Visitor: 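Before I ask anything, here is the structure I am working with.
Since the structure is predicted, the reported quantities are computational estimates derived from the model, not experimental observations. Reminder, nothing fancy here: chain letters follow the sequence lines and each chain counts from 1.
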Number of protein chains: 2
Amino acid sequence: MTTTGNSPMRSVHRALDVLKVLELAQQPLRLTDLAQRAGLHVATTQRLVGVLTEHGYASRHANGYTAGPAALSTAHAFATTSPLRLVARPVLEEVATTTGLTASLYVRVQDTRVLIDRVEGGRRPHYSLPIGERLPLYPGAAGKVFVADEDPDAVAARLAPVALADGTLLDTEAVRADLRRVRENGYAVSVDERQIGTTAVAALITDTAGRPLGSLGLSGATSSLRDVTATPLPADTRRAAHAIGARVPAAT
Amino acid sequence: MTTTGNSPMRSVHRALDVLKVLELAQQPLRLTDLAQRAGLHVATTQRLVGVLTEHGYASRHANGYTAGPAALSTAHAFATTSPLRLVARPVLEEVATTTGLTASLYVRVQDTRVLIDRVEGGRRPHYSLPIGERLPLYPGAAGKVFVADEDPDAVAARLAPVALADGTLLDTEAVRADLRRVRENGYAVSVDERQIGTTAVAALITDTAGRPLGSLGLSGATSSLRDVTATPLPADTRRAAHAIGARVPAAT
DNA sequence: ATGTTTCTATCATAGAGTGATAATCGGGGG
DNA sequence: CCCCCGATTATCACTCTATGATAGAAACAT
């Protein structure tokens, strides 16, 4: 899996890789399994999960290891201290109520995005609690905006081919074209890309220095969002994203 | 802070210590600050948070580092895969509705306990989301049960003196006496210990082999829980805790 | 019981982690 | 505008830790 070759801090890198494997597995993993998926020697893996377990970030059960409870604590701390999250909250709420759509806040973690906060616009509050979900960068409006400003060729080559929810495969060229449009527009649109029946508009959130902080996505039923590009929604999204970024103190 | 002397896997231990410092700080910490609290050299600390940040477990802002978004992902994974949590859920719900009290599930992490899940019994759902909160082992019924079975002298010496919510200080002897009672009873009671106005009854959850897995606490207003020891609540709590433990596959 | 798999312990060697030192950056005040 | 001070980043030689091959011990299934 995530091969962290030879490098300084190797053991720490590896430990976090192991943790990531546990996270992605979504089921208890036996030591051997874990080692295999992490691409590490069994002995090494054992030492690493041992430490993780000791600190509560991994957990051992009858049928293997899973992520551990300490992650909840750290997540709790993140949720209550992250400047971005704190600053964005009121904006999410406002935009969710005015548009009736679901407002989602993502941040990028390596080549994935993580859902940091969400305010449902409609009535039915989803009972699945998706906060913390890790999603790919490409299918999905709120992911694309992260890579739209990078070198199109490199990105497209790295991400493609991409499979959409309906089974369509996007080749390098299609991805590149799409990303170019995102860059030109300053916002991204996704129609049934990741979830059939869901349309989303998203914009990048940057600090005052222009550094990317996260992304704001507004999503709703495709049926009620025909031809979004012709509506004021994209502009609203950009405005909201800008409002968030403007209130976050710029990092050095 | 958590001094992890010389030992194998030192860097990993230290990395997790740094993460713990970030978690406990509850505010952005500058590098220097962080190093100081972690008891590490600044250069070392920088390398460690660097790795943590790269993987998303720490986050850098204008005014320092905080815990990072990846913790949310890991927490999400934990929440959806932890056998204990999954098995306990229905029991929490049942006991919360039948008693009208709040049912809380804790697990132990080193010398702390972490709130893993909670079902509110009353009507007013607290809008603070306390799941993930890290609390001390001693004040509080659901914490005491974790240490009641250990060597009383050692534990009492390690934890005392303890400050209660009303300002009372418990010395070693008082702690020991209290823990002895917990052990004899098989459950713990806390009246206004950690939260003034809140009374709780808790029991240890063990697997079929007797190993401690977590603890179950039932809490409510002190005013409505006079003389709990004389009620069937303790027995109910123990029964529920046992029901949970019985459904968790025993670890090796 | 007996084979088979999974987990834990041991150990020599390579090479990574460490921390002192120095260079660089950034911001505030004079 | 410049200087100064605190904070952050880079450099580097030495020590000691992390590594993985191997072997041993459990656990498990047949």
Side-chain angles (χ1 to χ4, degrees), chain A residues 1-19 21-22 25 27-55 57-66 207-211 249-252, chain B residues 1-19 21-22 25 27-55 58-66 207-211 248-252:
Chain A
M1 113 127 288
T2 317
T3 312
T4 309
N6 283 38
S7 74
M9 293 294 133
R10 181 157 61 145
S11 53
V12 180
H13 275 287
R14 288 176 158 186
L16 298 181
D17 283 345
V18 166
L19 193 48
V21 170
L22 287 179
Q27 61 168 319
L29 289 185
R30 321 231 48 164
L31 178 59
T32 314
D33 224 354
L34 184 55
Q36 205 163 348
R37 301 201 193 195
L40 297 174
H41 191 107
V42 189
T44 306
T45 308
Q46 180 182 226
R47 285 186 295 255
L48 293 174
V49 286
V51 178
L52 289 173
T53 305
E54 194 179 323
H55 289 254
Y57 288 95
S59 204
R60 195 181 185 173
H61 319 348
N63 32 336
Y65 292 93
T66 66
D207 63 14
T208 53
R211 252 178 305 259
T252 302
Chain B
M1 114 129 286
T2 317
T3 311
T4 309
N6 282 38
S7 75
M9 293 293 131
R10 181 159 59 147
S11 53
V12 181
H13 275 286
R14 287 176 159 186
L16 299 181
D17 283 346
V18 166
L19 192 48
V21 170
L22 286 179
Q27 60 165 322
L29 289 184
R30 321 232 50 170
L31 178 60
T32 313
D33 226 353
L34 183 55
Q36 205 164 346
R37 300 201 193 194
L40 296 174
H41 190 106
V42 189
T44 305
T45 308
Q46 180 181 226
R47 285 187 295 257
L48 294 174
V49 286
V51 178
L52 289 173
T53 304
E54 194 178 325
H55 289 253
S59 204
R60 194 180 185 175
H61 315 63
N63 32 336
Y65 292 93
T66 66
D207 63 14
T208 54
R211 252 179 305 259
V248 178
T252 302

Visitor: With a cut-off of less than 4.0 Å, is there a side-chain N or O of A/Arg10 near OP1 or OP2 of C/dG15?
Guide: no

Visitor: Separation of A/Asn63 atom CG from C/dT6 atom C1', in whole Å?
Guide: 14 Å

Visitor: Counting just side-chain N and O atoms, does B/Arg14 come under 4.0 Å of either OP1 or OP2 of C/dT18?
Guide: yes

Visitor: Under a 4.5 Å cut-off applied to non-hydrogen side-chain atoms, are A/Tyr65 and A/Leu52 in contact?
Guide: no

Visitor: With DNA chain C as reference, determine whether A/Val42 or B/Ala43 sits nearer its 5' end, using the nearest nucleotide of each.
Guide: A/Val42

Visitor: Taking all non-hydrogen atoms of both residues, which atom of A/Arg60 and which atom of A/Thr53 are closest, and how far apart?
Guide: N-CG2, 4.5 Å

Visitor: Just compare C/dT18, D/dT9, D/dA21 and give me whichever is closest to any side-chain atom of A/Met9.
Guide: C/dT18

Visitor: Answer yes or no: does a side-chain N or O of A/Ser11 lie under 4.0 Å from OP1 or OP2 of C/dA16?
Guide: no

Visitor: To the side chain of A/Pro8, which of C/dT21, D/dA21, C/dG17 is closest?
Guide: C/dG17

Visitor: Can you check the A/Leu34 CG to C/dT6 P distance for me, whole Å?
Guide: 13 Å

Visitor: Please name the residue in the list A/Leu34, A/Asp17, A/Thr66 that meets the side chain to side chain contact (heavy atoms under 4.5 Å, CB included) test with A/Leu22.
Guide: A/Leu34

Visitor: Does B/Thr32 place a side-chain N or O at less than 4.0 Å from the phosphate oxygens OP1/OP2 of D/dT8?
Guide: yes

Visitor: To the nearest angstrom, how far is A/His41 atom NE2 from D/dG20 atom C1'?
Guide: 5 Å

Visitor: Calculate the interatomic distance between B/Leu29 atom CG and D/dA7 atom P; express it in whole Å.
Guide: 13 Å

Visitor: Within the structure, does a side-chain N or O atom of A/Arg47 lie under 4.0 Å from either OP1 or OP2 of C/dC7?
Guide: no

Visitor: Using a cut-off of strictly less than 4.0 Å, decide whether B/Thr44 has a side-chain nitrogen or oxygen near OP1 or OP2 of C/dG19.
Guide: yes

Visitor: Could you check how far CG of B/Asp17 sits from P of C/dT18, rounded to whole Å?
Guide: 12 Å

Visitor: Tell me which nucleotide among D/dG20, D/dT9, C/dT8 gets nearest to the side chain of A/Tyr65.
Guide: C/dT8

Visitor: Give the rounded distance in Å between these two atoms: CG of A/Asp33 and P of C/dT5.
Guide: 15 Å

Visitor: So, do B/Thr32 and B/Thr45 sit near enough that their side-chain heavy atoms are less than 4.5 Å apart?
Guide: no

Visitor: Using every non-hydrogen atom in the two residues, find where B/Pro8 and B/His13 come nearest and quote the distance to one decimal.
Guide: O-CD2, 3.8 Å

Visitor: Could you state the atom-to-atom distance from CZ of A/Arg30 to C1' of C/dT6 in whole Å?
Guide: 7 Å

Visitor: OP1 or OP2 of C/dT8 less than 4.0 angstrom from a side-chain nitrogen or oxygen of A/Arg60, does that happen here?
Guide: yes

Visitor: Between A/Gln46 and C/dT8, is there a side-chain N or O to OP1/OP2 distance below 4.0 Å?
Guide: yes

